[in-house]
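Heavy atoms only: backbone and side chains are in, while hydrogens, waters and symmetry mates are out. Keep in mind the model is a prediction, meaning the values are calculated, not measured.
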Amino acid sequence: MKYKRLTIHELEKLEKEFIEFLVINGIEAKDWEKIKQESPTNTEQIIENFSDVVHESTLRKVEYLQLILPHQLLCFYCQPNQIVLVGLQSTTTDFTQIKSLEDIDFSNPEFELFTQTKSYSKPREMELFDLINSGAGIADNTLFTMLCGKLS
């Protein structure tokens with residue numbers, strides 16, 4: 001398995017997509033019922049394959065991730081061949097408690113703005129999956145763009 005198995009709750013939400021997945025793979029409803037009863041190992045393998053397809057298709061669409069830690073705010077632009085990080089760190093400010101970054105005085109030496117670019121060391125989607133498992137969330141470009149604007 002490449003990523004992680006979807007939970008029962010996630011599978012229930014994706015029931016229509018799972019049925020389509022079964023049909024595309026030549027498994028009709030009566031065949032699926034038979035597989036579930038007679039071959040739990042095959043059932044698990046099919047669910048794991050579907051889980052990988054769901055994760056892979058979601059991760060392919062991700063452009064931005066962000067990770068908010070107590071003293072660091074990390075924004076990632078996930079390009080096809082590299083990832084660009086723009087971060088803000090503070091010695092005293094807890095970013096998990098801030099309501100709006102508009103209130104931050106970026107000229108204050110307490111705040112350090114930084115950027116870094118890195119090529120992927122694994123396939124792109126696997127690296128993004130690892131970042132998400134580390135606490136990053138899928139985001140839009142708003143925060144990344146704002147921080148980039150402060151670099152200038």
Side-chain angles (χ1 to χ4, degrees), residues 1-25 27 29 32 36 40 43-152:
M1 180 158 204
K2 196 172 180 181
Y3 299 105
K4 74 173 181 82
R5 186 186 190 281
L6 295 171
T7 65
I8 296 298
H9 180 68
E10 291 167 330
L11 286 168
E12 287 169 353
K13 286 185 171 189
L14 296 169
E15 181 180 7
K16 180 180 171 237
E17 291 83 355
F18 184 64
I19 291 168
E20 288 175 14
F21 175 81
L22 292 174
V23 169
I24 287 170
N25 286 283
I27 303 171
W32 176 240
K36 286 192 318 187
T43 301
E44 283 303 309
Q45 185 63 51
I46 291 167
I47 292 171
E48 288 175 2
N49 289 344
F50 175 70
S51 297
D52 279 347
V53 167
V54 169
H55 287 300
E56 188 82 22
S57 72
T58 301
L59 291 166
R60 278 190 190 129
K61 297 173 191 169
V62 170
E63 286 189 74
Y64 295 92
L65 294 171
Q66 62 189 39
L67 179 59
I68 301 172
L69 302 167
H71 297 289
Q72 281 191 322
L73 178 59
L74 307 173
C75 299
F76 302 92
Y77 177 26
C78 312
Q79 298 174 342
N81 298 312
Q82 66 182 7
I83 191 162
V84 178
L85 163 66
V86 174
L88 179 64
Q89 59 187 27
S90 166
T91 53
T92 60
T93 300
D94 183 347
F95 291 112
T96 63
Q97 303 300 315
I98 288 188
K99 303 260 187 271
S100 171
L101 289 179
E102 300 298 324
D103 301 331
I104 292 179
D105 176 9
F106 285 89
S107 64
N108 184 331
E110 169 196 351
F111 298 105
E112 179 187 348
L113 200 54
F114 59 95
T115 186
Q116 182 178 352
T117 301
K118 153 184 150 21
S119 296
Y120 298 110
S121 57
K122 298 191 245 186
R124 177 187 181 276
E125 287 70 27
M126 298 218 41
E127 284 210 30
L128 301 187
F129 184 77
D130 289 346
L131 278 168
I132 291 168
N133 278 338
S134 297
I138 298 171
D140 62 19
N141 69 340
T142 306
L143 193 53
F144 182 88
T145 302
M146 188 194 95
L147 291 177
C148 282
K150 302 292 183 187
L151 283 168
S152 307

Got a second to check how far [X]'s [atom1] is from [Y]'s [atom2], nearest 0.5 Å?
X: Leu69; Y: Leu88; atom1: CG; atom2: CG; answer: 11.5 Å
X: Leu85; Y: Leu65; atom1: CG; atom2: CG; answer: 11.0 Å
X: Leu6; Y: Asp52; atom1: CG; atom2: CG; answer: 9.0 Å
X: Ile19; Y: Trp32; atom1: CD1; atom2: CH2; answer: 11.0 Å
X: Glu48; Y: Lys2; atom1: CD; atom2: NZ; answer: 14.5 Å
X: Ile98; Y: Ile104; atom1: CD1; atom2: CD1; answer: 4.0 Å

Are any side-chain N or O atoms of [X] and backbone N or O atoms of [Y], one a donor and one an acceptor, separated by less than 3.5 Å?
X: His71; Y: Asp94; result: no
X: Glu10; Y: Thr7; result: yes
X: Arg124; Y: Ile83; result: no
X: Asp140; Y: Tyr64; result: no
X: Glu127; Y: Ser121; result: yes
X: Tyr120; Y: Gln82; result: yes

Would you call the rings of Phe129 and His55 parallel, tilted or perpendicular, taking 30° and 60° as the class edges?
perpendicular
Phe95 vs Phe111 aromatic rings, parallel, tilted or perpendicular, using cut-offs 30° and 60°?
tilted
Do other residues, nucleotides or ligands put more than 12 heavy atoms under 6.0 Å from the CG atom of Asn133?
yes
Would one find more than 12 heavy atoms of other residues, nucleotides or ligands at under 6.0 Å from atom NZ of Lys13?
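It does not: Lys13 NZ has 12 such atoms or fewer within range.
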Go through Leu143 and Leu73 one step at a time and tell me if the side chain to side chain contact (heavy atoms under 4.5 Å, CB included) criterion holds.
CA-CA 10 Å; Leu143 193 53; Leu73 178 59; 3.8 Å; yes
Nearest atoms (heavy-atom pairs only) where [X] meets [Y]:
X: Leu113; Y: Gly87; answer: CD1-O, 3.2 Å
X: Leu128; Y: Leu59; answer: CD1-O, 3.8 Å
X: Thr96; Y: Pro70; answer: CG2-N, 3.9 Å
X: Phe114; Y: Gln89; answer: CE2-OE1, 3.7 Å
X: Ser134; Y: Leu67; answer: O-CD1, 4.1 Å

Checking Phe50 against Leu11 for the side chain to side chain contact (heavy atoms under 4.5 Å, CB included) test, could you report, in this order, the C-alpha distance in whole Å, the side-chain angles of both residues, the deciding distance, and whether it holds?
CA-CA 9 Å; Phe50 175 70; Leu11 286 168; 3.8 Å; yes
Side chains of Glu110 and Thr92: donor-acceptor distance under 3.5 Å anywhere?
yes
